[in-house]
Amino acid sequence: MSHAVLKVNQSTIQQMKNHYKLGLGSKVPAGAAFTAKIEGCTITAYHTGKVLFQGKNGEVEAKKWGASLPSKAKNGSPKTKTSGAPLPENIAALSLIGSDEVGTGDYFGPITVVSAYVEKKQIPLLKELGVKDSKNLSDPQIISIAKELLKFLPYSLLTLSNQKYNEWQAKGMSQGKMKALLHNQAIQNVLVKIEPEIPEAILIDQFVEASTYYKHIQGQKKIIKERVYFSTKGESIHIAVAAASILARYAFLKAMDALSQKAGFTIPKGAGPAVDKAAARLISEKGVGALTEFTKLHFANTDKAKRIINLK
């Protein structure tokens, strides 16, 4: 399938709408001015000025209206690692539930897991909204895109608070098992939301081998295994994982803002030296017991922060 993208002004969009009036569709995607179908091509024009031409005649039809935007250079696909069932060759084009998490490497703040369902017909819209791996987006971009996704995307957000995280970790539960439990539950939640529709696939951003994942969740009342796939860099394989990543990041940012307000100063992300200093300040101002609510206690940052306090 060929495709092309044009950037035009609102006057041209109106001209296009008049030109394609016999093929105008009654269902218009969110953010779009119109959608139309002609032989060998589907045209979707967005209020932002971008127009997508998709189908075997997409490039030819686009040339009638001007030069298409240059394609982004590809430096080769990122190396991915999969486990379990091999990925379908056309997985990027399927209606799929993507699942990802944020906050696992941050000393402060919770772990947020999101599963999100993207129908194949919504893929162009998500691309238009700028959906991609949240690690490649700024916080303001995350917030802006997430607010748009929340308007129409079926999803489930599960937040593992620091208190619960520390409780589970103290009982010997690994972070991998925590994440597996959360992903399995979030996927279940989305499957219920979209009933009776059934996704063509489910893709989890791989953090452990498939066999280990299922070992982690054995004994659960319901285990989702049908059409479930695992791959690292899942956001580069299907946009649903990227959407889940953005929503999980958005939830994490909101949680961090709430912690900062509670602490009375800005809580930094990550697990570097700035985090050690912030933890030391938290201990000084609120006592060492406050760490249970704000942090993942078993991280090395806890001892580093205590050493800072002892040096003062």
Side-chain angles (χ1 to χ4, degrees), residues 98-116 129-151 153 155-170 173 175-176 178-179 181-183 185-186 205 207 235 241-306 308-309:
S99 202
D100 201 0
E101 80 283 332
V102 170
T104 58
D106 291 87
Y107 178 59
F108 286 104
I111 291 177
T112 54
V113 172
V114 168
S115 295
L129 291 174
V131 174
K132 57 184 177 181
D133 183 14
S134 66
K135 291 187 288 293
N136 297 323
L137 295 168
S138 65
D139 288 352
Q141 287 175 315
I142 293 283
I143 294 168
S144 175
I145 296 171
K147 286 181 177 178
E148 291 301 315
L149 295 178
L150 290 172
K151 294 177 182 178
L153 214 60
Y155 75 98
S156 172
L157 162 67
L158 296 180
T159 300
L160 182 62
S161 69
N162 293 113
Q163 294 98 319
K164 181 59 71 173
Y165 178 96
N166 291 321
E167 179 185 323
W168 283 2
Q169 197 277 330
M173 188 181 295
Q175 193 181 88
M178 296 180 200
K179 291 191 288 184
L181 292 170
L182 293 169
H183 278 283
Q185 185 59 56
D205 195 49
F207 52 91
E235 68 284 344
V241 179
S245 170
I246 287 172
L247 293 175
R249 184 69 178 175
Y250 177 56
F252 178 79
L253 292 174
K254 290 176 67 178
M256 289 292 280
D257 286 343
L259 286 179
S260 293
Q261 190 169 16
K262 199 159 192 175
F265 59 90
T266 301
I267 297 292
K269 305 177 191 70
V275 168
D276 300 335
K277 293 177 182 177
R281 179 177 175 181
L282 190 67
I283 294 171
S284 296
E285 297 181 6
K286 296 187 179 296
V288 71
L291 295 180
T292 301
E293 180 183 358
F294 284 77
T295 75
K296 301 173 183 70
L297 283 174
H298 68 106
F299 277 32
N301 303 88
T302 297
D303 289 334
K304 291 178 182 178
K306 289 177 179 179
I308 291 173
I309 294 297

Side-chain donor or acceptor of [X] paired with backbone N/O of [Y] under 3.5 Å:
X: S284; Y: A280; value: yes
X: N166; Y: T292; value: yes
X: S260; Y: M256; value: yes
X: Q169; Y: H298; value: no
X: D276; Y: A305; value: no

What I'd like to find out is whether the side chain of [X] reaches to under 4.5 Å of the side chain of [Y], using heavy atoms alone.
X: Y250; Y: I145; value: no
X: N136; Y: E235; value: no
X: E101; Y: L158; value: no

To the nearest 0.5 Å, how far apart are [atom1] in [X] and [atom2] in [Y]?
X: T295; Y: Q163; atom1: OG1; atom2: CD; value: 10.0 Å
X: S161; Y: E167; atom1: OG; atom2: CD; value: 8.5 Å
X: L297; Y: Y165; atom1: CG; atom2: OH; value: 9.5 Å
X: L157; Y: L150; atom1: CG; atom2: CG; value: 9.5 Å
X: D139; Y: L253; atom1: CG; atom2: CG; value: 4.5 Å
X: I308; Y: I283; atom1: CD1; atom2: CD1; value: 8.5 Å

Passing option when D100 is tested against I246, T112, L247, D205 for side-chain contact (heavy atoms from CB on, under 4.5 Å) |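 Option passing the side-chain contact (heavy atoms from CB on, under 4.5 Å) with D100: D205.
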Given V113, which of L182, L160, T159 fulfils the side-chain contact (heavy atoms from CB on, under 4.5 Å) condition?
->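 Going through L182, L160, T159 one by one, the side-chain contact (heavy atoms from CB on, under 4.5 Å) with V113 is satisfied by L182 alone.
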Of T302, N301, N162, which is the lone residue that meets side-chain hydrogen bond (donor to acceptor under 3.5 Å, both in side chains) with Y107?
->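 One option only clears the test, and that one is T302.
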Taking all non-hydrogen atoms of both residues, which atom of [X] and which atom of [Y] are closest, and how far apart?
X: S245; Y: V102; value: O-CG2, 3.9 Å
X: A186; Y: S156; value: O-CB, 3.5 Å
X: F294; Y: A263; value: CE2-CB, 3.7 Å
X: A243; Y: V131; value: N-CG1, 3.6 Å

Apply the test side-chain contact (heavy atoms from CB on, under 4.5 Å) to residues I111 and Q175: give CA-CA distance (whole Å), side-chain angles for both, the deciding distance (0.1 Å), then the verdict.
-> CA-CA 10 Å; I111 291 177; Q175 193 181 88; 4.1 Å; yes
May I have all residue pairs that pass salt bridge (charged side-chain N to carboxylate O under 4.0 Å, His left out) and include part of residues 284-296, sequence neighbours excluded?
->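 Listed once each, the pairs are K262-E293, R281-E285.
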Walk me through it: do V275 and F299 pass the test side-chain contact (heavy atoms from CB on, under 4.5 Å)?
-> CA-CA 11 Å; V275 168; F299 277 32; over 6 Å; no
May I have the step-by-step check of side-chain contact (heavy atoms from CB on, under 4.5 Å) for R249 and V114, ending in yes or no?
-> CA-CA 9 Å; R249 184 69 178 175; V114 168; over 6 Å; no
Just wondering, are more than 12 heavy atoms of other shown residues or ligands nearer than 6.0 Å to CD in Q261?
->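 12 or below, so no.
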